[in-house]
Amino acid sequence: MTDSPDFLIPVPTRGDGRDPLRRDRGDWQPAARRPLPALVTDLRPGAFGPFEHLAQIGRAAEIAGLGGALVPFDPAGEESLVVAAGLLRQSRHLRVVAGFHPGIATPVYAAKFSASLQRFVDNRLGWQVDIGLDPAIARSQGDFLQGADRYARAEEFLTVARGVWNEEGYTYEGRFYQVLAGGFQPPNSGLPFPRVYLTGTSSDALAVSARHADVHLFTGDQDVAAGIAELGARSAEAGRRLEYGLRLPVLARDDDDEAWDEARRLWNIIGGTGDGLPDPDPRTGLWHGFGRIADSAKPGLVGSYETVAAGIRGYLDQGVTTFVLEARPHIEETYRLGERLLPLFAKEIEHAH
Amino acid sequence: MPIDIYWRIGTHGDQQSLRRRVSSRGEWAPVVPGSLTPGVRDGRRDGYSYVDHMADVARASESSGFVGGLLPSFPFTDDPWAAAAALARETTTYRFMIAYQPGFLHPVQAARMSASLQRVTGGRVVYNIISGGGGPAQLWWGDRVDHDDRYARTSEFLDVLKGVWNGGPFDYEGRFYQVEGAGLPEPLARQPFPEIYFSGSSKAAIEAAGRHADYYLSWLEPFPELAAKFVQVREHSAALGRAPKFAVRIDVLARETEEAAWDEIRRGWTHVDQAALRSPDGDSVGWLRSQSFVSWPVRDYRELEVSPNVWSGFHLLRGGPAFGLVGSYEQVAERLDELIGIGVDAFILAGVPHLEEAYRVGEEVLPLLRGHDIRQASPLSPHTSLSVAKGTI
Ligand SMILES: Cc1cc2nc3c(=O)[nH]c(=O)nc-3n(C[C@H](O)[C@H](O)[C@H](O)COP(=O)(O)O)c2cc1C
């Protein structure tokens, strides 16, 4: 383990836009796209597929020096494994984490798909396995498993996936999955298993993480310190050592005033109710207003690049090393993070190599 | 006639913003953490070069509604022919407006390169014919030909290029070029001939433009002066039985509010050192014109606003021409509409940083254009006068 920070961006698989609620990039809200007036030559119709926009975001992350991109599992959005494959193939360095839940396929199939992909992209694929889905969404995906059973299945899923990945002649007899004399053969064997990202704070979730996660991801509204302590103890019992990550919305500008002006501008776009901008939490420095101006409702950091970097350092000191930085519009903000925020961690990154 | 809108690609790197005149994209500055193309990854160069950023700007431009981009050519830039060849297959609809000076490249070779590029791109090559600004830069290229002769050479160059385009045999006996039995071979011959955007404000330029320009391309100037220049070009061309269209190259700094736009200029202005300013040595009439609209030095950046939203200080904040538009999305669109009103048929817009601003201008400004209704109504409109002359109004 290293204390060099790893920065990822999330990939918006349901469109993107300059302002809150606006999703005029990509083809998810065709009506939201403002057409060019008839007098202006427009060569676009028919020339661009819907992947082009995501490809540009992936390239921005690659060019701006982000460590990776996380493509979420979102039943209402673009399919994550396919998007991940596209983003990986067009880049050389970027690691791409594809989100999915264990109900989408058998573990053998998920591993098989991933083995091909690992070979195609020089082993840069990761998995975010979403276990605790909203029950209605799970049912809409054909998955009726509930409660603790979901964690038991996830445990088996990851066990079997690693089993067939690593062992020829692999056999498994479980509650949810059975395999007889499975296991991959060359050239699909012997590859690095996708890095596994898991989430959740329940005891069940932590138990699966302790045994199977490479990285456990938190959000700012969770008690990160307590989570790390608990997972540290549990994973030590399992003879493992985890890395920790945080999903963190950020709004960073040249100085604090400019960042807060921008927060206010975005806040007022949705506003109309006249309610004021909330202050950041005086204890943690986290701002809880992102729910209204960004894709995620999680708390995050607002301020100058230095302010945001200081907030991130606070988490680094607690042992968090992976940061999924959320900012829209994704292309422009990814450039900004790469050019302005990441260089503030150059020392830590250089030190680690 | 539809309006074609291009978006420039910098061929010598880019800045993060106009706030600081520091290049951080491309190899024109030391590669440090925060540099892009090449960038630093795990303490090492990431293997990318500026062409990778150009590719992203090109793709951003085409997907945000621009038909293509102008690729400038100066001693310190990347070469636009090489860039077009490299980016041809990484783009879909993007038209490459290649800036080049006839004289550095033989017209038969220019024809061969163009024809091959047309085949590679499906006809997406456009020319920006420039004839140089003299001075040390001209000598840097190894060119001692003087101002007016450069235009004579440009004219001959285009005669030869057009002469060989559709196959041979073509003979030519000129002051600068001679060929015998020339002509592009099959199947290079008879590709669509690239549209010619012709630049130059001098008398010699306007005469040559009359013979060759599909579009007469100018830097932005105060609108009445620009309109007067168009009249001159129109007259010269009419004498030769030709009627070129008009294009303007404009930097754009557009924001949600006018105040926010000027605030960007203000931030950049704090780093400007007017004392260190020198006009380039040379014989460019266009540049002298552009400097003649303001009296230097100025005390405040707003003194460079020669008419509402028309600002002539862009060269102080980044390399390139002086004039551009500053204002809200609506204001910038209105000014562009006014230009359409005085007869502009195409724009080459630009903004720093080119990638991010391509999205902004494509999403926020272009959809606001109204264009034709305004053109009919403009007192300076060539169409108005024509209709009046014909007694149709
Ligand atoms: C829109 C535009 C683009 C130009 N681009 C270039 C260029 O890329 N490289 C260059 O050397 N000169 C460029 N020039 C300058 C011309 O070479 C020439 O110096 C200028 O048009 C002045 O010509 P004039 O003396 O006839 O007015 C450009 C000029 C204009 C108007």
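Below, chains carry the letters A, B, ... as their sequence lines are ordered, and counting in each starts from 1.
- B:V40 places none of its side-chain heavy atoms less than 4.5 Å from the side chain of B:D46.
- For the set A:L342, A:D254, A:L341, the count of heavy-atom pairs under 4.5 angstrom toward chain B peaks at A:D254.
- A centroid separation of less than 6.0 Å is found between the aromatic rings of A:Y335 and B:H53.
- If you measure heavy-atom distances from A:L337 to chain B, you find no contacts under 4.5 Å at all.
- Both the backbone and the side chain of A:R34 have a heavy atom closer than 4.5 Å to some heavy atom of chain B.
- With chain A as partner, the option from B:L355, B:L366, B:D56 having the largest number of non-hydrogen pairs under 4.5 angstrom is B:D56.
- Remark: A:R313 qualifies as a cation-pi partner of A:F345 under the 6.0 Å distance and 45° angle criteria applied to the six-membered ring.
- Considering OG1 of A:T41 and CZ of B:R95, their distance stands at 6.0 Å, rounded to 0.5 Å.
- Note: B:Y6 and B:F66 fail the aromatic proximity criterion, with ring centroids not under 6.0 Å apart.
- Taking the charged nitrogens against the carboxylate oxygens, A:E333 and A:R328 have no contact shorter than 4.0 Å, which rules out a salt bridge.
- For A:I331, the part lying near chain B is the side chain, with the backbone staying farther off; criterion is any non-hydrogen pair under 4.5 Å.
- In the displayed structure, B:R21 atom CZ is contacted under 6.0 Å by more than 12 heavy atoms of other residues, nucleotides or ligands.
- Contact of A:E52 with chain B is made through the side chain alone, with heavy-atom distances under 4.5 Å.
- In this structure, chain A has heavy atoms under 4.5 Å from both the backbone and the side chain of B:D4.
- For chain B, the nearby parts of A:R92 are the backbone and the side chain; heavy atoms of each come within less than 4.5 Å.
- With B:R249 as the fixed residue, the side chain to side chain contact (heavy atoms under 4.5 Å, CB included) test singles out one of B:L220, B:L217, B:L349: B:L217.
- Between chain A and the options B:A60, B:P353, B:S64, heavy-atom pairs under 4.5 Å are most frequent for B:S64.
- Heavy atoms closer than 4.5 Å to chain A are found in both the backbone and the side chain of B:E364.
- Under 4.0 Å is where a charged nitrogen must lie from a carboxylate oxygen, and between A:E243 and A:R195 at least one such pair does.
- Interface residue B:T92: only side-chain heavy atoms are found under 4.5 Å from chain A.
- For B:I5, the part lying under 4.5 angstrom from a heavy atom of chain A is the side chain only.
- Heavy atoms closer than 4.5 Å to chain A are found in the side chain of B:R41, but not in its backbone.
- With chain B as the partner, the residue from A:R33, A:E332, A:R44 showing the most heavy-atom pairs under 4.5 Å is A:R44.
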